[in-house]
Structures are given as C-alpha cells and as structure tokens.
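Comments concern the structure below.
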Number of protein chains: 2
Amino acid sequence: MSSRPTSFDELDRKIVTALMANARTSFAEIGADVGLSATAVKRRVDRLRETGVITGFTATVRPAALGWRTEAYVEVYCEGAAPPRRLAEVVRNHPEITAAMTVTGGADALLHVRARDVEHFEEVLERIRTEPFIRKTISVMVLSHLIPDSPEAGTSQPAPEDAGERASDVRRPG
Amino acid sequence: MSSRPTSFDELDRKIVTALMANARTSFAEIGADVGLSATAVKRRVDRLRETGVITGFTATVRPAALGWRTEAYVEVYCEGAAPPRRLAEVVRNHPEITAAMTVTGGADALLHVRARDVEHFEEVLERIRTEPFIRKTISVMVLSHLIPDSPEAGTSQPAPEDAGERASDVRRPG
DNA sequence: TCTGAAATATAGGCCCT
DNA sequence: AGGGCCTATATTTCAGA
C-alpha cells in the first residue's frame with residue numbers, strides 16, 4: 001500500500017479515466033485511445049495497482065434493484081473520548097453501515113447507512129444505539145439523488161449477501 | 001434501463017457479489033464458483049445490466065493518490081422553496097461535488113465535496129455560496145475513514161483529469 | 001443451459017531505445 | 001525504465017443443439 005508517488009503522467013491519467021468509465025475495457029482498446037500497445041497499458045495498470053492509485057475494480061449496482069430502498073446519514077455522538085479504533089470495531093458489527101468516518105463538528109462520526117425500508121432502518125438504528133459507546137444519534141434521511149450516477153448513489157450498499165430479500169420479492173409493510 | 005426487476009435468484013446474487021468484489025473476474029471463474037458455464041454467466045450479466053441491476057463497472061481509485069486530500073459534507077440551506085430540479089443544475093456547475101441529495105431535516109440538500117486541499121475546499125465553498133439559491137452552508141470535514149475500502153472512501157472523486165498537484169480546471173467523471 | 005470452435009484478450013519472455 | 005513485438009494460454013463470443 002505504498003502511497004509513494006512514482007511518476008504519474010498524462011498517459012496514466014487517461015488510463016485511469018478509461019478504467020473508471022468501464023473497468024472491463026480491454027488493454028488493447030485503452031491502448032488504441034491513448035496511443036500505447038496493450039502490453040504497455042497492462043504494465044501501467046499493474047503499476048497503478050501496486051502503487052495503490054487503483055485499489056480495485058467493482059461493479060456498480062443500483063441498490064433499489066436489490067431491495068435497498070432506504071438510505072440515511074447518521075451523526076454519532078459518543079461517550080467521552082471516542083478512539084477511532086473502537087469506533088471502527090463497532091461499525092463493523094453492522095453490515096448496513098456502508099461508510100463511516102470521523103468528522104469535525106459536534107458529532108464524533110458520520111455513518112452512511114442503507115436499509116431495505118424505514119422499518120429496517122429503525123431496527124438498524126436501535127442496534128447502533130445499543131452499542132456501549134454511543135450516546136446519541138441524529139439521522140438525516142436521503143430523499144432523492146441530484147447526481148444519479150454518482151458513486152454514492154449507486155455503488156455503496158451492503159453486499160447482496162445481506163439483502164434479506166430478492167428484488168422480485170420485497171417485503172411489504174404491515 | 002428498465003428498473004423493473006425480472007427474476008433475481010441466488011445465482012444472480014452470487015454473480016453480483018463476485019463482480020462487486022472484482023469487476024474484472026472472468027465469467028469462467030465466476031461460473032466455476034457458482035456452478036455455471038462461462039456462457040451462462042455472461043448471459044446473466046448481460047441481463048443484469050439490461051434490467052439495471054448492474055449499472056456499470058468501474059475502477060476504484062484512492063483519491064489521495066491523485067491529489068484529492070480533502071473531503072467534506074456540506075449541508076445546504078436554500079432561499080424559500082428549493083425545487084430539486086434547480087438544485088441539480090446548481091450542483092452540476094461544480095465538479096468537486098461528487099454526490100448531492102435532498103434530505104430530511106433542517107437542510108435542503110447534502111453535498112459530498114472533494115478538493116485538493118483546504119484552500120481548494122474554501123474556494124469551492126465560496127463558489128457554491130455564490131449561487132443565487134443558496135442561503136447558507138454548514139460544512140463537516142471528514143477526518144478519517146473507519147471503513148477504508150468503502151466505496152465512499154475510495155471511489156468518489158472527480159476524474160483524474162484534475163489530478164496531480166496541479167491547480168488546473170476540473171471536470172466531472174463520465 | 002451446455003458444447004465447441006473462432007475471434008479476442010492476457011501475461012510473459014525477449015529485445016530494442 | 002519503459003515500450004513494442006511475439007507467443008502460449010485464457011477468455012469471450014457466437015454458433016449450434
């Protein structure tokens with residue numbers, strides 16, 4: 001995980017852009033775009049991965065299609081000092097937490113949470129509040145995305161493992 | 001881009017999981033895991049894309065490696081009614097905004113912003129506040145990620161066009 | 001859904017600058 | 001160090017059935 005800058009030139013930039021647009025683009029095709037052979041592109045991609053510029057390749061999924069229709073940000077306030085280490089442990093206990101970070105401001109941490117519906121979200125929230133560290137939470141529910149294709153709109157969701165139901169078999173309230 | 005779920009079974013679930021873990025996994029390898037031929041896997045992936053479950057494949061990039069070292073969430077308060085349509089226009093004017101959504105609570109919208117450094121972030125913030133609609137903003141800076149590999153930690157950033165330590169113009173990915 | 005063959009892509013080896 | 005060319009191995013893709 002060296003974050004050491006080796007050289008990062010124009011060509012690397014273009015290659016990364018191409019792979020962000022479509023991670024399955026062939027090296028030959030990228031090469032044709034940037035003016036390199038497939039081999040050269042592959043070598044650069046390998047290097048970009050080794051140096052940690054590219055950390056992986058992933059499918060972007062529309063959470064709603066998998067039955068994840070509810071999304072919220074949760075500000076977390078902790079008892080006394082909240083060492084990030086212990087917060088990280090807590091966060092790992094709840095698969096519905098798709099992102100978590102320490103932040104400036106009154107709260108100690110900000111969580112991004114995905115749930116199937118409001119009922120499920122309430123359950124997650126109660127679970128989180130049960131954690132010994134947590135003093136209080138403030139939730140902000142996401143209503144609609146203004147940038148539909150932004151990664152946070154589509155990419156961040158629990159793995160389908162955690163999806164209790166199928167896209168074609170979503171539980172109804174009541 | 002029909003958002004209607006056709007059938008979505010166990011096999012699809014596994015395929016999606018595999019592609020989320022590594023979008024460049026070969027269909028043959030996925031097939032070996034789930035007990036299908038490469039051809040069958042490809043057909044299912046094609047269908048998952050057609051039905052909009054999978055919206056694309058992308059490289060995940062460590063923003064810091066490209067010179068994006070500052071990240072914040074910005075709550076936006078608007079003058080009077082804030083039609084999402086107009087908010088969306090405003091948001092599109094600022095490539096550093098990597099996600100934007102309307103939310104419950106006091107604020108009208110929540111923005112996710114990436115900048116090269118605090119100076120750059122301040123500049124972005126001033127630009128945003130200049131927009132006719134915006135009445136006030138409250139910023140929460142991200143200090144550290146508790147889930148290092150969550151998509152929001154690594155995937156969401158402006159395109160590498162703007163990378164490096166250069167203060168050149170910025171464009172939106174895609 | 002599988003099989004099988006043809007078209008593509010990849011991962012190295014090797015040599016050049 | 002980085003790039004191109006070549007080749008063996010995999011993979012994708014398109015026919016069948």
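Because the structure is predicted, anything quoted here is derived from the model rather than measured. Protein chains get the first letters and strands the later ones, always in sequence-line order, with residue 1 at the start of each.
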Exercise. In sequence, state the C-alpha distance, the side-chain angles, and the governing distance for B:Asp12 and B:Arg47, and then conclude on salt bridge (charged side-chain N to carboxylate O under 4.0 Å, His left out).
Key: CA-CA 10 Å; B:Asp12 288 320; B:Arg47 191 168 52 72; 3.3 Å; yes

Practice problem: Check step by step if salt bridge (charged side-chain N to carboxylate O under 4.0 Å, His left out) holds for A:Glu123 and A:Arg127. | Solution: CA-CA 6 Å; A:Glu123 183 240 304; A:Arg127 237 193 291 133; 2.6 Å; yes

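Atom CZ of A:Phe57 is separated from atom P of C:dT10 by 11 Å (rounded to the nearest Å). Rounding to whole angstrom units, CZ of residue B:Arg49 and C1' of D:dT13 are separated by 15 Å. B:Asp46 places its CG atom 18 Å from the P atom of D:dT11, with the value rounded to the nearest Å. Distance CZ (A:Phe27) to P (D:dT11): 14 Å, rounded to an integer number of Å. The CD atom of A:Glu50 sits 13 Å away from the P atom of D:dA1 (whole-angstrom rounding). Between the CG atom of A:Leu48 and the P atom of D:dA1 there is a distance of 17 Å, rounded to whole Å. One interatomic measurement links the two molecules: CG of A:Leu11 to C1' of D:dG4, which rounds to 14 Å at whole-angstrom precision.
Ion pairing between A:Arg114 and A:Glu71 holds under the 4.0 Å rule for side-chain N and carboxylate O.
Considering only side-chain N and O atoms, A:Ser26 lies nowhere under 4.0 angstrom from the phosphate OP1 or OP2 of C:dT8. At the phosphate of D:dG3, OP1 or OP2 sits under 4.0 Å from a side-chain N or O atom of A:Arg44. The side chain of A:Arg24 places an N or O atom within less than 4.0 Å of a non-bridging phosphate oxygen (OP1 or OP2) of D:dT12.
When each of A:Ala28 and B:Thr39 is assigned the nucleotide of DNA chain C bearing its nearest heavy atom, the one mapping closer to the 5' terminus is B:Thr39. Both B:Ala38 and A:Leu36 lie near DNA chain D, and the one whose nearest nucleotide falls closer to the 5' end is A:Leu36.
Taking the six-membered ring wherever Trp is involved, the centroid distance between the rings of A:Tyr73 and B:Tyr73 falls below 6.0 Å.
Judged by distance alone, with hydrogens and angles left aside, A:Ser37 brings no side-chain donor or acceptor close enough to the base of D:dC5 to form a pair under 3.5 Å. The base of D:dG4 lies close enough to the side chain of A:Arg43 for a donor and an acceptor atom to sit less than 3.5 Å apart.
Among D:dT13, D:dG3, C:dA11, the nucleotide with an atom closest to any side-chain atom of A:Lys42 is C:dA11. When distances run from any side-chain atom of A:Ala40 to the nucleotides C:dG12, D:dT13, D:dG3, the shortest one goes to D:dG3.
Seen from the ring of B:Tyr77, B:Lys136 counts as a face-on cation partner, given the 6.0 Å and 45° thresholds.
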